[in-house]
Asks: 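Got a structure for you, questions after.
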Amino acid sequence: MTAARAGNGRKIHVTKTLQYVLARRPKGPVAEDDFRLVETVLPDLDDGDVEFETLFVSIDPAIRGWLDDRPSYLPPVQIGAPVRALGIARVISTRHKGFSPGDLVRGFVGWQERFVVTAPGPEWERIPENSDVPLQRWLGILGMTGLTAWAGIRDILKPQAGQTVLVSGASGAVGSIAVQLAKHAGARVVGIAGGPEKCRMLVEDLGADDVVDRKAKNWAEQLVEATPEGIDLVFENSGGPMFEATIDRLNNHARIALCGLIDGYNMDQRPVGPRNFGLLLSKRTQLQGFIVLDYFNRAAKAHRELSQLLRQGTLKELDTVVHGFHELPLAFIRSFESGTPGKLVVETLPV
């Protein structure tokens, strides 16, 4: 915050903030040059305005889709605009009767240190002041990540004992929760992950019954061996060749909850297919794509159930916290390269 002088000689306060804005639309894998760090001045608060300070930013694969200029469930991020992202923020100053300095909220904070919202509505969710859980958990298992896994498993797939559930991207933020929820329902769970360490974690830490290492040369053989009785339910995060192989293994009347297609997010052109699409017809497969924004009316129920499972020790959350506002671009880029297990968040400012 810096001081300036108005025309009458009185000092006024100007609040400056840093933002990472979209400099150009990515072509293929996202790069640092796709973003630009800018300094901007925040407007003075009018009646109904609230100034927020960003504390945590969620790193999600969905951000990559928002950077492309193509039809989607949300409009694309505009060139020169802050990168859209979920996060947690603290109220710094307010002229809104519903907010007080120090309040913590969850919403689309974007890649910016501070920002002003005019007449913030219910999309800015309050975080309870007496919360005894780490703040980043409100972006993970108690946030949209947990709601996504819960909606796909509880509302769409509804696994039962004796069924085989396949979860792709099983070591990721959403997939790791989906594995545990399916196992809690009594199903036999097979997880797909990249590398021996992640596969070991799925079995030893999260309770998966079997695993497929997508980085192994013999992953196709592993998939067959892990699903000797076929596949009844699929929580699909990835798409690509392994999804095609999964369709080959489906039992009749299988169900698929289509959560994401991350394998194609960094391609210049999204892949066509799957090549064996016709099997979805002959096997009478029910496939439902879903977006977590459609499940906000179920968020309270999901929160209660997930909170209870956490308290019971039935559910574990994996998370990685990267520190520093300036780490945002690299943390996002590396999330596609390294596949950090569990939820990835950037802490932009100490709480």
Side-chain angles (χ1 to χ4, degrees), residues 1-2 4 12-46 48-93 95-96 105-121 123-124 139 144 260 262 264-270 291-293 322 324-337 344-349:
M1 185 173 292
T2 60
I12 59 174
H13 288 283
V14 177
T15 301
K16 295 182 178 180
T17 186
L18 293 177
Q19 301 174 329
Y20 278 105
V21 302
L22 183 62
R24 65 185 184 188
R25 301 218 177 270
K27 300 296 184 183
V30 67
E32 285 189 75
D33 289 344
D34 295 330
F35 311 106
R36 183 173 67 253
L37 181 65
V38 300
E39 185 178 68
T40 187
V41 176
L42 294 180
D44 293 334
L45 298 188
D46 291 328
D49 289 352
V50 180
E51 180 185 341
F52 294 103
E53 181 177 55
T54 303
L55 301 179
F56 288 90
V57 176
S58 179
I59 302 297
D60 299 301
I63 296 172
R64 179 62 184 84
W66 301 336
L67 304 181
D68 290 335
D69 188 8
R70 67 176 80 214
S72 185
Y73 57 93
L74 287 176
V77 175
Q78 296 302 303
I79 302 295
V83 176
R84 179 188 298 129
L86 284 164
I88 294 172
R90 176 169 51 205
V91 175
I92 297 301
S93 57
R95 294 187 63 181
H96 188 296
V105 300
R106 177 175 59 190
F108 280 109
V109 301
W111 289 9
Q112 47 193 347
E113 289 184 318
R114 291 192 178 194
F115 56 99
V116 172
V117 177
T118 298
E123 69 276 12
W124 293 95
L139 295 175
M144 283 198 185
I262 191 174
Y265 285 0
N266 274 324
M267 294 183 177
D268 286 336
Q269 292 185 338
R270 298 290 171 86
I291 302 296
V292 67
L293 302 180
V322 176
F325 176 79
H326 294 284
E327 296 297 321
L328 278 166
L330 280 178
F332 179 59
I333 293 168
R334 290 169 180 164
S335 71
F336 290 95
E337 299 170 353
L344 177 61
V345 300
V346 173
E347 183 179 15
T348 58
L349 189 72

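What's counted below: heavy atoms across the whole structure, side chains too, no hydrogens, waters or symmetry copies. Starting from 1, each residue takes its place in the sequence as its number.
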Asks: Give, for atom CD1 of I92 and atom CD of E51, the distance between the pair rounded to the nearest 0.5 Å.
Replies: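 So the CD1 of I92 and the CD of E51 are separated by 6.5 Å.
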
Asks: Picking from Q112, R36, E39, what satisfies side-chain hydrogen bond (donor to acceptor under 3.5 Å, both in side chains) with Q19?
Replies: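 Result for side-chain hydrogen bond (donor to acceptor under 3.5 Å, both in side chains) with Q19: Q112.
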
Asks: Which distance, rounded to the nearest 0.5 Å, do you find between the CG of D34 and the OH of Y20?
Replies: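 Here the rounded value is 13.5 Å.
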
Asks: Is any side-chain heavy atom of R106 less than 4.5 Å from a side-chain heavy atom of S58?
Replies: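 Counting from C-beta outward, R106 and S58 never come under 4.5 Å.
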
Asks: If you compare all heavy atoms of A89 against all heavy atoms of F115, which two are closest, and at what distance to 0.1 Å?
Replies: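 The pair with the smallest heavy-atom distance is CB-CZ, 4.0 Å.
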
Asks: So which heavy atom on A23 is nearest to which on I79, and how close?
Replies: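 For A23 and I79, the tightest heavy-atom pair comes out as O-CG2, 3.7 Å.
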
Asks: Considering all heavy atoms of both residues, which atom of L139 and which atom of L86 are nearest to each other, and what is their separation?
Replies: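 Answer, listing the atom of L139 first, then L86: CD2-C, 4.4 Å.
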
Asks: Taking R25 for its side chain and L67 for its backbone only, find out whether a donor-acceptor pair lies under 3.5 Å.
Replies: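 Yes: the side chain of R25 pairs with the backbone of L67.
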
Asks: What's the verdict on side-chain contact (heavy atoms from CB on, under 4.5 Å) for M144 and D60, showing C-alpha distance, side-chain angles and the deciding distance?
Replies: CA-CA 10 Å; M144 283 198 185; D60 299 301; over 6 Å; no

Asks: Could you state the interatomic distance from OG1 (T17) to CD (E53), rounded to the nearest 0.5 Å?
Replies: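 Here the rounded value is 9.0 Å.
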
Asks: Using a 3.5 Å distance criterion without hydrogens, assess whether the side chain of T348 forms a donor-acceptor pair with backbone atoms of G324.
Replies: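 Pair absent, no side-chain N/O of T348 close to backbone of G324.
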
Asks: Hey, what's the ring geometry for W124 with F52, parallel, tilted or perpendicular (30° and 60° as the breaks)?
Replies: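 Parallel: the ring planes of W124 and F52 meet at under 30°.
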
Asks: Between I59 and L328, is any pair of side-chain heavy atoms under 4.5 Å apart?
Replies: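 Yes - at least one pair of side-chain heavy atoms lies under 4.5 Å apart.
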
Asks: Just by distance, do the side chain of T54 and the backbone of V109 share a donor-acceptor pair under 3.5 Å?
Replies: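 Flag not set: sc T54 to bb V109 has no pair under 3.5 Å.
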
Asks: Side chains of P29 and F336: closer than 4.5 Å at any heavy-atom pair?
Replies: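 P29 does not reach F336 side chain to side chain.
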
Asks: Please find the pair of heavy atoms, one from R64 and one from G28, that lie closest to each other, and give the distance.
Replies: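 Shortest heavy-atom contact: NH2-O, 3.0 Å.
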
Asks: Identify the heavy atoms of D46 and R95 that sit nearest to each other, and give their distance.
Replies: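 Closest approach of D46 to R95, heavy atoms only: O-CB, 3.5 Å.
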
Asks: Can you confirm whether F332 sits close enough to V57 that some side-chain heavy atom of one is under 4.5 Å from a side-chain heavy atom of the other?
Replies: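 Sidechains of V57 and F332: no contact.
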
Asks: One pair to check against side-chain contact (heavy atoms from CB on, under 4.5 Å): E113 and L349. What are the steps and the verdict?
Replies: CA-CA 8 Å; E113 289 184 318; L349 189 72; over 6 Å; no

Asks: Which value, rounded to the nearest 0.5 Å, describes the distance between S93 atom OG and L42 atom CG?
Replies: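 The CG atom of L42 is 9.0 Å from OG of S93, to the nearest 0.5 Å.
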
Asks: Of all heavy-atom pairs between A331 and V346, which one has the smallest distance, and what is that distance?
Replies: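 Nearest heavy atoms, A331 then V346: CB-CG2, 3.8 Å.
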
Asks: Does L37 form a side-chain contact (heavy atoms from CB on, under 4.5 Å) with F325? I'd like the steps, not just the answer.
Replies: CA-CA 11 Å; L37 181 65; F325 176 79; 4.0 Å; yes

Asks: Under the side-chain contact (heavy atoms from CB on, under 4.5 Å) criterion, do L293 and L74 qualify, and how do the steps go?
Replies: CA-CA 10 Å; L293 302 180; L74 287 176; 4.0 Å; yes

